[in-house]
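Comments concern the structure below.
Here, residue 1 is the first one in the sequence, and each next residue gets the next number.
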Amino acid sequence: GKGLAVFTSGGDSQGMNAAVRSVVRMGIYLGCKVYFIREGYQGMVDGGDNIEEANWSSVSSIIHKGGTIIGSARCMDFIQREGRLKAAYNLVTRGITNLVVIGGDGSLTGANLFRQEWSSLLDELLENNKITKDQREKYKYLHIAGMVGSIDNDFCGTDMTIGTDSALHRIIEAIDAIVSTAYSHQRTFIMEVMGRHCGYLALVAALASEADQVFIPEDPVPNNWVEKLCKRLQQERRSGQRLNIIIVAEGAIDREGKPITAELVKKVVVDNLQQDTRITVLGHVQRGGSPSAFDRILGCRMGAEAVMALMEATPDTEPCVVSLDGNQAVRLPLMECVRRTKAVAQAMADKNWDLAVQLRGRS
Ligand code: F6P
């Protein structure tokens, strides 16, 4: 059967295990020899025990686990051609020419580059007598399918990334818990949530938890934000509300691009309103714990689709990313999605937030 390997790369997220499980089982079902690559690209570069054949039962009892059982890493070696050469050797000598990568945009960009270089990497391996002519010929095509695993929901082309829904659950549970203590003491709480340069988690968590205010990178606050915020908080207290919840995305900024931090917001509230105020930074709690039903099923569906895409690939099939479009798992050109995601980052850097939001939406 065909050699197929799956690995997880970059920050972990809930639902990655469901995706790994689905890839392994679908691969075996379709007659492939399936491998785990442990520790992301680092394991691909280092080879050895990091690349291990998987079987049906090696993915039993993992669907409910958070994180990724095969490990993940942000790998520096793979950034160098030297590292990619070692990775190519480790794949070819095991007969692996199909890769499923589960990770964020950096990991998917790396996969695309690897595929573009594949031919020249094999030539170099042949020249150095690392592989035979037969191997050069037999494994001349590398096929790649990606899936986006990230809590941030910051990747263009998919409605939801694997892990976002679970992270949202974690956030609203935490807010609910905070609300009860805030109520007792008539306090204001500022909750900082993750998301890197994307405000999705903060915005949706704010809607789902009845927060009073949210700060996100895509909608930087105007100059008079202090007055507006204070007025609103005051009004709410006057109308009988005993607490306030303010959510700050970790990437929140003002229109000059300066960070809006939880500390800054706290200072504003304390200095202007003298409210008893506390900060809670949720941190990696958001990325931990068991995946929601949604993320488990999302991982399963995407994993199966990724394997099918690889099995149907012809020599000139471009790498794809499996994404969610409405309720459908669809295949999109990997490079196009990466390009759009980079364009969003550029638009944000250029302070063109409308364009960023527009690019993030469906094409
Ligand atoms: O991309 C996922 C994410 O959790 C971001 O929300 C956050 O900014 C970052 O990773 C944290 O990275 P690390 O786990 O390396 O601290």
Between L121 and R84, does the side-chain contact (heavy atoms from CB on, under 4.5 Å) criterion hold? Intermediate values first, please.
CA-CA 8 Å; L121 291 171; R84 295 194 292 275; 4.3 Å; yes
Can [X] and [Y] be counted as having a side-chain donor-acceptor contact under 3.5 angstrom?
X: T188; Y: R237; answer: yes
X: T314; Y: D316; answer: yes
X: D295; Y: S166; answer: yes
X: T158; Y: T161; answer: no
X: D212; Y: Q241; answer: yes
X: Q358; Y: D354; answer: no
X: R136; Y: S119; answer: yes
X: D276; Y: Q186; answer: no

To the nearest 0.5 angstrom, please state how far the [atom1] atom of [X] sits from the [atom2] atom of [Y].
X: I279; Y: E192; atom1: CD1; atom2: CD; answer: 8.5 Å
X: D152; Y: M194; atom1: CG; atom2: CE; answer: 8.0 Å
X: L30; Y: L310; atom1: CG; atom2: CG; answer: 10.5 Å
X: S323; Y: L298; atom1: OG; atom2: CG; answer: 10.0 Å
X: D176; Y: I171; atom1: CG; atom2: CD1; answer: 12.0 Å
X: D49; Y: D46; atom1: CG; atom2: CG; answer: 11.0 Å

Ring geometry between W225 and F215 (parallel below 30°, tilted from 30 to 60°, perpendicular above 60°):
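Perpendicular.
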If hydrophobic clusters are built by linking Ile, Leu, Val, Met, Phe, Trp and Tyr wherever their side-chain heavy atoms come under 4.5 Å apart, do [X] and [Y] end up in the same one?
X: I175; Y: Y200; answer: yes
X: V330; Y: V148; answer: yes
X: V179; Y: I190; answer: no
X: V285; Y: V193; answer: no
X: L99; Y: V24; answer: no

Give a yes or no on whether a salt bridge exists between [X] and [Y], defined as a side-chain N under 4.0 angstrom from a carboxylate O.
X: R331; Y: E312; result: yes
X: E124; Y: R81; result: yes
X: E256; Y: K351; result: no
X: E250; Y: R196; result: no

Apply side chain to side chain contact (heavy atoms under 4.5 Å, CB included) to K138 and list each qualifying residue two or more places apart in sequence or on a separate chain.
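Expected list: none.
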With a 4.5 Å heavy-atom cut-off, do [X] and [Y] have their side chains touching?
X: Q14; Y: S290; result: no
X: D123; Y: L125; result: no
X: Q135; Y: L126; result: no
X: Y141; Y: T97; result: no
X: M308; Y: E305; result: yes
X: I70; Y: V20; result: yes
X: I246; Y: L229; result: yes
X: L201; Y: T164; result: yes

Are F114 and F78 close enough that their ring centres sit under 6.0 Å apart?
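Distance test on ring centres: under 6.0 Å, yes.
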Below 6.0 angstrom between ring centroids: does that apply to F7 and Y41?
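They qualify: ring centres under 6.0 Å apart.
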State whether the side chain of N17 and the backbone N or O of K65 hold a donor-acceptor pair below 3.5 Å, judged by distance alone.
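Yes; judged by distance alone, with no hydrogens or angles, the pair exists.
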Verify the neighbour count for atom [atom1] of [X]: are there more than 12 heavy atoms of other residues, nucleotides or ligands below 6.0 Å?
X: K228; atom1: NZ; answer: no
X: K86; atom1: NZ; answer: no
X: E263; atom1: CD; answer: no
X: E210; atom1: CD; answer: no

Please find the pair of heavy atoms, one from [X] and one from [Y], that lie closest to each other, and give the distance.
X: S209; Y: A205; value: OG-O, 2.8 Å
X: R301; Y: A329; value: NH2-N, 3.7 Å
X: M160; Y: L324; value: CB-CD2, 4.3 Å
X: Q42; Y: C75; value: OE1-SG, 3.2 Å
X: I162; Y: G15; value: CG2-C, 3.5 Å
X: G11; Y: M16; value: O-CE, 3.5 Å

Could you walk me through whether Q213 and I247 satisfy the side-chain contact (heavy atoms from CB on, under 4.5 Å) test, starting with their C-alpha distance in whole Å, then the side-chain angles of each, then the deciding distance to 0.1 Å, before giving a yes or no?
CA-CA 6 Å; Q213 178 78 39; I247 302 193; over 6 Å; no
Does F155 form a side-chain contact (heavy atoms from CB on, under 4.5 Å) with S150? I'd like the steps, not just the answer.
CA-CA 9 Å; F155 194 78; S150 169; over 6 Å; no
With E52 as reference, evaluate K33, R94, R38 under the salt bridge (charged side-chain N to carboxylate O under 4.0 Å, His left out) test and give the passing residue.
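Option passing the salt bridge (charged side-chain N to carboxylate O under 4.0 Å, His left out) with E52: R38.
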Are R242 and Y183 in a cation-pi setup, meaning NZ or CZ lies under 6.0 angstrom from the ring centre and within 45 degrees of the ring axis?
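Yes, R242 lies over the aromatic ring of Y183.
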Set of residues satisfying side-chain hydrogen bond (donor to acceptor under 3.5 Å, both in side chains) with respect to D12, sequence neighbours excluded
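With sequence neighbours excluded, D12 shows a side-chain hydrogen bond (donor to acceptor under 3.5 Å, both in side chains) to R287, given in chain and number order.
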Applying side-chain contact (heavy atoms from CB on, under 4.5 Å), run through C32 and I28 and close with a yes or a no.
CA-CA 5 Å; C32 299; I28 292 172; over 6 Å; no
